[in-house]
Amino acid sequence: DVKVTQSSRYLVKRTGEKVFLECVQDMDHENMFWYRQDPGLGLRLIYFSYDVKMKEKGDIPEGYSVSREKKERFSLILESASTNQTSMYLCASSLPGLAHTQYFGPGTRLTVL
Amino acid sequence: DQQVKQNSPSLSVQEGRISILNCDYTNSMFDYFLWYKKYPAEGPTFLISISSIKDKNEDGRFTVFLNKSAKHLSLHIVPSQPGDSAVYFCAASEDQAGTALIFGKGTTLSVSS
């Protein structure tokens, strides 16, 4: 059974803290994605990666960075968390050339105080 | 500017009746369309897709219709069941091999028994 896991379901951080959100997939997928979901705004793409050490900016990369040192792991980094980064963060993965088969993790609900 | 639009934030339907969720797009380069379903506290799951060379795709109770000239697609659920209550996201890609999807804001479907 395919699986995408995210390190935390709920996370509370303070403004200015450095935050790491981890995502691991066990399907040997080349593509990995980070989205955030906000009420009334849907899913917005932050960053994606199509190979180890490769990354591409999505629609809203400002305030975020990513790291892909291993194929199975894709990390989202908030260098200095701000209250407007309070959101649901969703990780997904897919095989190359198959955009529709994006498998999503359960999400991390991040609250920045 | 939003390329994928779901203009109805919510829809309420009685069990056994038809649910129709609508989606409009503006980018004429989109040629692959998908619907994802999301329950609270879970990641989105792929539901059904359609290529631009087709105008209809059916999978059990779910049918997606595509009207390219109107840049409009719809998801029909017949008959609706209480377990279908979820947020439904429309998504589009410029080609089937595309690595990134553009999502709409979502429509919350509530099916009452």
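Note on naming: letters A, B, ... go to the chains in the order of the sequence lines (proteins, then strands), and numbering restarts at 1 for each one. Nothing here was measured: the structure is a model prediction, and the numbers come from that model.
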| Quick one: are A/L90 and B/E42 in side-chain contact, heavy atoms under 4.5 Å? | no

| query | Can you name the ring-ring contact (aromatic ring centres under 6.0 Å, His included) partners of B/F89, sequence neighbours left out? | reply | none

| Residue B/R17 excluded, over 12 heavy atoms near CZ under 6.0 Å | no

| Which value, rounded to the nearest 0.5 Å, describes the distance between A/F48 atom CZ and B/L101 atom CG? | 10.5 Å

| message | Counting heavy-atom pairs under 4.5 Å with chain B, which one of A/R44, A/M88, A/Q37, A/Q6 comes out on top? | response | A/Q37

| said: Using the rule that Ile, Leu, Val, Met, Phe, Trp and Tyr join whenever any side-chain heavy atoms are under 4.5 Å apart, tell me whether B/V13 and B/V64 fall into a single cluster. | reply: yes

| Quick one: do B/V111 and B/W35 end up in the same hydrophobic cluster if we chain Ile, Leu, Val, Met, Phe, Trp and Tyr together by side-chain heavy atoms under 4.5 Å apart? | yes

| request: Please state whether the side chain, the backbone, both or neither of B/P9 comes within less than 4.5 Å of a heavy atom of chain A. | output: neither

| Are B/F65 and B/I20 in one and the same hydrophobic cluster, where Ile, Leu, Val, Met, Phe, Trp and Tyr link if side-chain heavy atoms are under 4.5 Å apart? | no

| said: With a 6.0 Å cut-off (strictly less than), is the heavy-atom count around NZ of B/K68, excluding the residue itself, greater than 12? | reply: no

| query | Under the side chain to side chain contact (heavy atoms under 4.5 Å, CB included) criterion, do A/Q102 and B/Y36 qualify, and how do the steps go? | reply | CA-CA 10 Å; A/Q102 283 193 28; B/Y36 278 79; 3.4 Å; yes

| said: Same cluster or not: A/Y50 versus A/Y35, using hydrophobic residues (I, L, V, M, F, W, Y) connected whenever any side-chain heavy atoms lie under 4.5 Å apart? | reply: yes

| said: Against B/F103, only a single residue in A/L43, A/L41, A/L45 fulfils side chain to side chain contact (heavy atoms under 4.5 Å, CB included); can you say which? | reply: A/L43

| query | With a cut-off of 6.0 Å (strictly less than), are more than 12 heavy atoms of other residues, nucleotides or ligands near CD of B/Q14? | reply | no

| Who among B/A91, B/G106, B/A41 has the most heavy-atom pairs with chain A under 4.5 Å? | B/A41

| message | What verdict does the ring pair (Phe, Tyr, Trp, His ring centres under 6.0 Å) test give for A/F104 and B/F46, after you've listed the backbone C-alpha separation in whole Å, the side-chain angles of each residue and the deciding distance to 0.1 Å? | response | CA-CA 9 Å; A/F104 282 82; B/F46 169 73; over 10 Å; no

| said: Heavy atom to heavy atom, less than 4.5 Å: which residues from residues 105-113 of chain A reach chain B? | reply: A/G105, A/P106

| query | Does B/I102 share a hydrophobic cluster with A/I46, counting links as ILVMFWY side-chain heavy atoms below 4.5 Å and allowing steps through other members? | reply | no

